[in-house]
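This is a predicted model, so every value here is computed, not measured.
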Amino acid sequence: MIASFRQRFGPSQQPRVFRAPGRVNLIGEHTDYNLGFVLPVALDLATYIAAAPSSDGKLRIYSEDRQELREFDASSLATVKPTREWTDYPLGVAQELVRAGVPVEGANLLIRSTVPDGSGLSSSAALEVSSALALLAGREFDPLELAKLCQRAERNFVGMPCGIMDQYISVFGRAHSAVEIDCRSLGHRLVKLPDGIAFIAVNTMVKHAHSGSAYRDRVRECAAAVEGIEAVYPDVQSLRDVSPEQFAGVASRLPGVVARRARHIVTEDARVNRFVEASAHGDLTGMGKLMVESHRSLQHDYEVSCAELDFLVDAALALDGVYGSRMTGGGFGGCTVTLLRTEAAPSFRASIARAYERQFAVTPRIYSCEPSEGAGEVKKLETIPSLA
Ligand code: GLA
């Protein structure tokens with residue numbers, strides 16, 4: 001990567017390299033913007049940025065994957081406007097850094113990513129967090145503030161009203177652990193997963209076009225549910241505050257669609273906590289069952305699944321050594337995540353790929369989900385794989 005950087009920006013440049021991982025969420029979907037619980041794992045798929053100061057006040061950003069170079073005046077970052085391109089992620093982050101009082105000077109950036117775009121494995125957050133580290137260039141910054149700043153970049157500049165999960169796990173991920181995040185307190189605890197199991201993500205290779213607007217609709221529907229429930233329970237500020245019992249009492253007062261959306265959130269929050277408990281007891285059957293319940297709830301109540309995801313979940317559940325499977329991430333395409341016995345992984349990969357090819361005439365990409373460290377500078381020399 002350093003060689004590639006020097007070729008593009010000059011042989012005497014001394015870039016530093018920063019890394020931020022993508023994630024797979026094991027359970028707790030669409031609960032983050034309802035201030036509930038999520039249980040993601042940081043992946044070894046990551047976005048890397050090589051960065052060095054430029055001497056002419058320009059911010060140059062080169063994407064190796066897209067083979068595109070873009071140039072901006074560092075002095076104009078406070079007022080730059082989004083263009084609905086990939087550069088909105090690093091620019092949004094730069095703008096939020098400026099707003100936070102961090103001087104962003106001219107720099108050359110070269111981006112290489114192994115997180116597949118549009119796969120639901122959080123390539124956006126990986127790009128945001130790695131951009132923030134590259135632009136901070138080693139300056140101290142509180143890690144929680146960093147995650148929040150990157151979320152603001154996505155909400156304010158990119159225009160996606162996302163929760164905190166993806167940026168948070170990209171910063172706070174840990175090798176060998178899942179991370180249970182409380183999206184209200186913004187604290188977390190590490191969750192050790194049982195031995196002898198693997199999580200595998202299978203990519204549908206589709207991203208349906210309406211996913212952005214559907215996400216916004218869900219955010220609005222959840223807010224409508226809170227408004228309806230608040231009338232009965234004034235202490236309720238988000239769906240996080242609603243117990244399953246309370247919900248049963250008020251559900252009939254809500255419009256049908258809104259009630260189903262809220263039911264997903266209320267039951268999903270409870271499932272995250274039950275999943276963590278099951279994991280602590282090595283109850284693999286229990287963990288798998290909760291994953292399937294989560295998927296059915298996303299499929300029927302929250303309605304963010306699609307034919308490809310449903311097919312992969314159903315096909316996985318019919319295979320040897322599988323405990324559970326569900327869609328992961330925002331939905332409408334992207335990946336499923338499947339819990340299975342480690343030794344069943346090779347035959348699972350072969351069988352699921354064959355089944356999906358037969359049904360959709362597309363070869364799904366398959367990733368093993370090894371819990372990895374969160375974002376930071378890459379200090380030891382290693383070869384960074386290129387997706388291309
Ligand atoms: C996207 C968002 C996250 C979260 C998930 C769904 O990945 O960026 O904040 O809401 O969808 O769980």
Side-chain angles (χ1 to χ4, degrees), residues 1-2 4-6 8-10 13-20 46-113 115 117 122-164 166-168 170-171 212 374-378:
M1 237 188 123
I2 290 174
S4 167
F5 184 94
R6 288 190 175 134
R8 177 151 299 272
F9 295 117
Q13 297 258 326
Q14 298 287 346
R16 294 166 76 167
V17 179
F18 301 89
R19 165 191 173 276
T47 298
Y48 298 85
I49 302 188
S54 70
S55 49
D56 56 1
K58 300 277 188 209
L59 173 62
R60 287 185 201 82
I61 314 177
Y62 180 70
S63 161
E64 272 197 339
D65 309 322
R66 294 177 182 79
Q67 305 199 354
E68 279 175 26
L69 177 69
R70 296 296 160 83
E71 196 178 290
F72 308 89
D73 278 324
S75 59
S76 70
L77 290 171
T79 53
V80 70
K81 296 273 183 288
T83 57
R84 296 175 166 274
E85 289 175 278
W86 61 273
T87 42
D88 281 356
Y89 297 97
L91 284 184
V93 166
Q95 189 158 88
E96 289 296 336
L97 282 169
V98 172
R99 283 190 185 158
V102 176
V104 178
E105 280 124 27
N108 295 324
L109 268 46
L110 178 133
I111 305 174
R112 176 179 294 185
S113 186
V115 192
D117 265 350
S122 189
S123 57
S124 314
L127 179 52
E128 288 154 8
V129 174
S130 55
S131 298
L133 292 180
L135 294 169
L136 282 164
R139 264 181 292 231
E140 290 272 308
F141 206 83
D142 176 77
L144 178 57
E145 290 307 316
L146 183 77
K148 285 160 72 179
L149 184 142
C150 291
Q151 182 199 19
R152 286 203 300 278
E154 183 144 352
R155 295 177 69 103
N156 298 339
F157 200 81
V158 179
M160 260 300 282
C162 65
I164 188 76
D166 302 349
Q167 294 81 6
Y168 193 109
S170 189
V171 172
E377 183 166 2
V378 179

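Atom CD of Glu96 and atom CG of Leu146 lie 12.0 Å apart (nearest 0.5 Å). Leu97 contributes atom CG, which lies 9.0 Å from atom CZ of Arg152 (distance to the nearest 0.5 angstrom). Distance check, rounded to the nearest 0.5 Å: CG of Leu91 to OG of Ser131 gives 9.0 Å.
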Would you list the atom pairs, donor with acceptor, under 3.5 Å between side chains in residues 103-110 and any protein atom, with sequence neighbours excluded?
unit_1, atom_1, unit_2, atom_2, d
Asn108, OD1, Arg60, NH1, 2.9

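Leu136 has its side chain out of reach of Phe18: every pair of non-hydrogen atoms, C-beta onward, lies at least 4.5 Å apart. For the pair Val17 and Phe5, the minimum side-chain heavy-atom distance is 4.5 Å or more. No side-chain heavy atom of Val93 sits less than 4.5 Å from a side-chain heavy atom of Phe157. For the pair Glu377 and Arg19, the minimum side-chain heavy-atom distance is 4.5 Å or more.
Side chain to side chain, Ser113 and Thr47 meet the donor-acceptor criterion of an N or O pair below 3.5 Å. No hydrogens or angles considered: a donor-acceptor pair under 3.5 Å links the side chains of Asp117 and Ser123. Side chain to side chain, Ser54 and Asp56 meet the donor-acceptor criterion of an N or O pair below 3.5 Å. Side-chain contact annotation: Glu64 with Ser4, donor-acceptor N/O pair under 3.5 Å present.
A donor-acceptor contact shorter than 3.5 Å is absent between the side chain of Asp88 and the backbone of Pro82. Side-chain N or O atoms of Gln95 include one that pairs as donor or acceptor with a backbone N or O of Leu77 at under 3.5 Å.
Ion pairing of Glu85 with Arg70 is present here, as a side-chain N (NZ or NE/NH1/NH2) and a carboxylate O approach within less than 4.0 Å. Using a 4.0 Å cut-off between charged nitrogen and carboxylate oxygen, Arg112 and Asp65 do not count as a salt-bridge pair.
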